[in-house]
Amino acid sequence: MRSIHRLVVGDSFGIFCLALASRTSFSSLATSHPTEVRDFWRKEQSQDLTRSVDILTTKIGKGNSEDVILQSLISDGAINVIHLSENLINRLLFRYKDDWKSALAVFRWAMEKMREILEEMRQESLIALDTIWKDAVRTFDDLQFLGLEKNTESMNVLLDTLCKEKFVEQAREIYLELKHYVAPNAHTFNILIHGWCNIRLIPPLFNVIVKNIISTWFTTFSMKCKLKIAPPNVVTYTTIMCALAKAEKFDEALQVVERMNAVGCRPDTLFFNSFIYTMGRAGRIDDATHIFKVAMPKASVAPNTSTYNSMISMFCYYAQKERAFDILKEMEKSGLCKPDIQTYYHPLIKSCFKMRKVDTWLNDILSDMVNKYHIGLDLSTYTLLIHGLCRADRCKWAFNLFEEMVDQDIMPRYKTCRLLLD
DNA sequence: TTAGGGTTAG
């Protein structure tokens with residue numbers, strides 16, 4: 001989804017298409033008009049944006065499925081005349097950051113609109129739509145004719161998008177073609193490596209390589225992809241370690257860490273988070289705790305929300321609820337990071353039910369969520385709570401939450417209604 | 001934010 005987002009609104013080509021759709025060009029105004037005109041224009045644009053967001057938000061509603069929302073957006077005449085822009089899409093995605101169905105519908109709607117624009121461009125012979133993916137190099141070349149720069153940055157966006165959509169072999173071929181015109185950088189290599197990791201090509205390679213694992217593998221990979229031999233950096237190590245952890249090759253994952261330390265590559269927060277995750281997956285809770293409590297401070301690397309989340313999830317997963325709550329307290333005491341609903345509260349809420357600490361711990365958690373951190377409950381959290389409370393014989397409380405969610409126009413699931421009725 | 005992380009299931 002992230003790559004689609006980038007394709008739609010994040011890269012220069014997408015922005016070009018969206019700018020075309022709005023049929024207005026702010027940049028041309030910026031150079032040829034006095035300040036008052038530009039200010040007026042900005043104000044008009046901002047009001048226009050707010051109106052568009054209001055119209056779309058009303059149309060999207062609450063609690064509908066992704067398909068229902070998408071269809072209603074596509075088929076609505078009033079929505080069809082809305083000027084699509086990067087700002088508009090970003091505003092909507094932010095608005096629906098806790099509601100993935102609506103967010104995904106907005107994505108797909110934007111994609112749909114972009115496709116229409118591409119079709120329009122194709123009809124005007126501006127672009128060959130059917131060759132976009134098959135001949136991405138040529139499309140990329142077209143960027144120049146459209147007045148956009150063809151550089152390492154745009155090449156990386158193209159390669160990354162292809163890799164994230166699992167067109168890894170195509171990305172490699174395109175890279176081989178483009179490298180004659182555009183200089184690759186460390187990002188380019190890591191994008192391709194990540195792509196290969198995602199299609200699970202790394203673990204088999206590791207099976208045949210025993211000695212000097214990372215550099216040998218890296219050289220093999222570089223030769224296969226005809227890359228210049230660039231030294232692997234912390235991103236490379238993190239990517240490979242994670243791929244190995246997901247494939248449950250924990251010994252090999254640890255060798256990556258050893259190798260990284262041996263060559264003096266400095267770890268960062270994301271690396272440590274992945275390392276903790278790796279140890280958690282391997283069931284090595286004490287090692288994970290040691291990384292969190294000892295290795296990170298020693299390396300002067302500060303934890304972030306995800307670090308705490310990983311620890312909390314791990315302890316909950318291994319039924320060590322007290323330790324999970326200790327981490328929560330520690331996180332609150334540190335005052336450095338904000339909790340988030342998805343990974344932080346869900347394991348803890350579940351733990352409260354499992355431990356039968358409904359009146360005490362659950363009460364406190366909910367009160368903190370709402371009053372202290374101002375986190376709005378979403379459909380999944382309401383469902384989790386209502387189902388748990390019903391099972392704990394707290395139907396009255398469950399029903400209060402049910403009414404609360406309905407008041408907020410969040411449509412309960414059929415199963416939730418059925419459960420309460422029973 | 002041009003590259004890497006996430007125990008998400010009730």
Side-chain angles (χ1 to χ4, degrees), chain A residues 2-3 5-7 9-12 86 90 93 100 149 151-161 163-164 171 182 184-198 202 230 232-246 253 256 260 265 267-283 285 288 291 303-320 324 340-354 378-392 398 412-413 415-416 419:
Chain A
R2 193 174 54 177
S3 63
H5 175 211
R6 289 180 44 185
L7 190 65
V9 295
D11 70 4
S12 42
E86 185 184 2
N90 281 339
L93 292 178
W100 68 267
E149 210 181 338
N151 53 20
T152 308
E153 180 189 340
S154 47
M155 174 177 77
N156 286 349
V157 169
L158 173 71
L159 295 177
D160 195 32
T161 304
C163 282
K164 296 229 160 76
V182 184
N185 60 10
H187 290 207
T188 319
F189 304 139
N190 286 329
I191 286 166
L192 289 168
I193 286 169
H194 191 224
W196 288 110
C197 282
N198 277 343
I202 301 286
N233 61 19
V234 65
V235 176
T236 327
Y237 289 113
T238 307
T239 305
I240 297 171
M241 176 179 65
C242 254
L244 289 165
K246 281 179 191 155
V256 174
M260 186 174 118
C265 176
D268 60 9
T269 305
L270 245 63
F271 170 81
F272 276 120
N273 291 354
S274 300
F275 196 15
I276 289 171
Y277 165 80
T278 301
M279 289 294 107
R281 293 282 300 218
I285 301 174
I291 296 164
N304 62 15
T305 305
S306 300
T307 321
Y308 289 104
N309 287 343
S310 303
M311 293 298 295
I312 290 170
S313 299
M314 181 187 72
F315 283 134
C316 289
Y317 186 81
Y318 291 105
Q320 302 198 6
D340 61 56
I341 191 166
Q342 293 284 350
T343 44
Y344 168 49
Y345 282 112
H346 281 224
L348 289 174
I349 290 173
K350 270 201 255 181
S351 295
C352 291
F353 287 126
K354 277 187 198 154
D378 58 6
L379 173 65
S380 61
T381 311
Y382 273 121
T383 309
L384 175 65
L385 284 167
I386 292 170
H387 287 229
L389 287 169
C390 282
R391 230 179 288 135
R413 292 182 186 162
K415 220 176 159 183
T416 309
L419 192 67

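These numbers were taken from a predicted model, which means no experiment stands behind them. Just the heavy atoms: all of them, side chains too, but no hydrogens, waters or symmetry mates, feed the values below.
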Legend entry - Set of residues satisfying side-chain hydrogen bond (donor to acceptor under 3.5 Å, both in side chains) with respect to A/Gln320, sequence neighbours excluded: A/Arg323
Inset, instruction - Among B/dG6, B/dT2, B/dG10, find the nucleotide with the atom closest to the side chain of A/Ser380. - result: B/dG10
Legend entry - Residues forming a side-chain hydrogen bond (donor to acceptor under 3.5 Å, both in side chains) with A/Asp268, sequence neighbours excluded: none
Legend entry - Rounded interatomic separation in angstrom, taking CG from A/Leu192 and C1' from B/dT2: 13 Å
Inset, instruction - Round to the nearest Å and state the distance from A/Leu244 atom CG to B/dG4 atom P. - result: 17 Å
Inset, instruction - Name the nucleic acid region contacted by A/Ser274, choosing base, sugar-phosphate or nothing; use a 4.0 angstrom heavy-atom cut-off, strictly under. - result: sugar-phosphate
Inset, instruction - Indicate, with a heavy-atom threshold strictly under 4.0 Å, whether A/Asn304 touches base, sugar-phosphate, or nothing. - result: base
Inset, instruction - Kindly give the heavy-atom pair with the smallest separation between A/Phe353 and A/Gly388, and that separation in Å. - result: CE2-C, 3.4 Å
Legend entry - Polar pair under 3.5 Å, donor/acceptor by atom type, side chain A/Asn185, base B/dA3: no
Legend entry - Rounded distance in Å - CZ (A/Phe275) to P (B/dG6): 16 Å
Legend entry - Donor + acceptor pair across side chains of A/Ser306, A/Asn309 (<3.5 Å): no
Legend entry - Strand-adjacent residues in residues 384-392 of chain A, judged by heavy atoms under 4.0 Å from DNA chain B: A/Leu384, A/Arg391
Inset, instruction - Look at all strands and tell whether A/Thr239 reaches a base, only sugar-phosphate, or nothing, counting heavy atoms closer than 4.0 Å. - result: sugar-phosphate
Inset, instruction - Could you please name the option among B/dG4, B/dA9, B/dT2 that lies closest to any side-chain atom of A/His187? - result: B/dT2
Inset, instruction - Quick one: label A/Lys354 by what it contacts on the DNA or RNA (base, sugar-phosphate, nothing), any heavy atom closer than 4.0 Å. - result: nothing
Inset, instruction - Specify the separation, in whole Å, of atom CZ of A/Phe189 and atom P of B/dG4. - result: 16 Å
